[in-house]
Amino acid sequence: DLTLAGGNVITASSLDTFTTSATLALNGASTITTDQSTLNLFNTVATTLNFGGAATTLTIGGTTGTAAVRNPTLELGGTGAATIQTNSNDNLTITPNGTGALTLTSDFDTPVNIGTSANTPGVLSVVGGFGSNAALIVDQLNSGDIIAASSSGTTRFTLSNAGVASLVGGQTADITSLGNANLTLSAGGTGDLRLLSDSDTDIILPYSDFTSEDNSVLYTGASGKLFA
């Protein structure tokens, strides 16, 4: 039975299937409803589903619950950049399930920006300020290094869990200043500034600047080795 009631409502109390090969137009209708708790819509056959192509505002779902998108790839944006944002001042959390990883991809012409899209391009570019806090805060909760930096898979710099900085070494200058600025090493408080050596580790200074033993506490030999 298919009945038109008042010209505005279609009631199909015993209709199992409604089939048409023509376009179904609901002109003048603003709401389609069901009294069922579950509704399957275009759930078979159609592998490409175009929906709401003219919509500039699209609302899906309620204010609570879960919206499940089962397709493994989610593409956003039509003719411009895409934005994911929350309503009001709500937090935004992206969490992979179980042991899944959260990956932000980057390649030779695709940077990852934190701050704005106008950042200086880089594999990871961070621009911004939050009060007087540091721009980058890292809190290592396990026993590993706080920071490990590498180049082409070779470790070049580490900051240990205890705060010890280690450089790859062997360079013309492992620690240097930019331009013609002075380089100052200073111990805090009552701490000492120490240069340590052992039986197979020498302290080398420029030979031409420390050549005399006369009235010198420290001097260097021809090799630049430091003597006292």
Side-chain angles (χ1 to χ4, degrees), residues 1-139 141:
D1 297 324
L2 183 61
T3 305
L4 296 180
N8 295 320
V9 179
I10 297 177
T11 303
S13 58
S14 62
L15 185 64
D16 293 329
T17 303
F18 177 76
T19 303
T20 179
S21 60
T23 299
L24 179 61
L26 302 176
N27 296 325
S30 60
T31 304
I32 300 176
T33 63
T34 179
D35 61 358
Q36 301 299 303
S37 60
T38 300
L39 176 64
N40 295 313
L41 183 64
F42 308 120
N43 207 29
T44 60
V45 182
T47 57
T48 300
L49 183 62
N50 299 311
F51 178 75
T56 56
T57 300
L58 184 62
T59 301
I60 300 176
T63 57
T64 61
T66 301
V69 179
R70 296 192 299 178
N71 300 86
T73 300
L74 181 62
E75 183 177 310
L76 301 177
T79 59
T83 300
I84 300 176
Q85 67 181 33
T86 61
N87 188 25
S88 186
N89 292 317
D90 298 328
N91 296 329
L92 176 63
T93 302
I94 302 176
T95 304
N97 189 30
T99 58
L102 177 63
T103 302
L104 301 177
T105 62
S106 176
D107 57 26
F108 73 96
D109 61 355
T110 305
V112 175
N113 297 320
I114 297 179
T116 71
S117 60
N119 287 12
T120 300
V123 176
L124 177 62
S125 179
V126 180
V127 174
F130 189 87
S132 58
N133 295 346
L136 178 63
I137 299 175
V138 179
D139 186 7
L141 300 181

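Starting from 1, each residue takes its place in the sequence as its number. Everything quoted here is computed from the prediction, not taken from an experiment. Excluded from the calculations below are hydrogen atoms, water molecules and symmetry mates; all remaining heavy atoms, backbone and side chain alike, are included.
Scanning for side-chain contact (heavy atoms from CB on, under 4.5 Å) contacts around V138 gives L136, I146, with sequence neighbours left out. Shown here are the side-chain hydrogen bond (donor to acceptor under 3.5 Å, both in side chains) partners of D107, two or more places apart in sequence or in another chain: T110. A search for side-chain contact (heavy atoms from CB on, under 4.5 Å) contacts involving N40 returns T38, N43, not counting sequence neighbours. With sequence neighbours excluded, no residue forms a side-chain hydrogen bond (donor to acceptor under 3.5 Å, both in side chains) with T73.
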Per-pair distances, 0.1 Å, donor-acceptor, side chain in residues 84-101, under 3.5 Å, sequence neighbours excluded:
residue: T86; atom: OG1; partner: D90; partner atom: O; Å: 2.7

Please output the side-chain donor-acceptor pairs of residues 111-128 that fall under 3.5 Å, not counting sequence neighbours, one pair per line with the distance.
residue: T116; atom: OG1; partner: A118; partner atom: N; Å: 3.1
residue: T116; atom: OG1; partner: N119; partner atom: OD1; Å: 3.1
residue: N119; atom: OD1; partner: T116; partner atom: N; Å: 3.3
residue: N119; atom: ND2; partner: I114; partner atom: O; Å: 3.1
residue: N119; atom: ND2; partner: S125; partner atom: O; Å: 3.0
residue: S125; atom: OG; partner: T120; partner atom: O; Å: 2.8

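Using a 4.5 Å cut-off on side-chain heavy atoms (C-beta onward), D35 and T33 make no contact.
Under a 3.5 Å cut-off, the side chain of T34 and the backbone N or O of Q36 do form a donor-acceptor pair.
Rounded to the nearest 0.5 angstrom, I60 CD1 and F51 CZ are separated by 6.5 Å.
No more than 12 heavy-atom neighbours from other residues, nucleotides or ligands sit within 6.0 angstrom of CD1 on I32.
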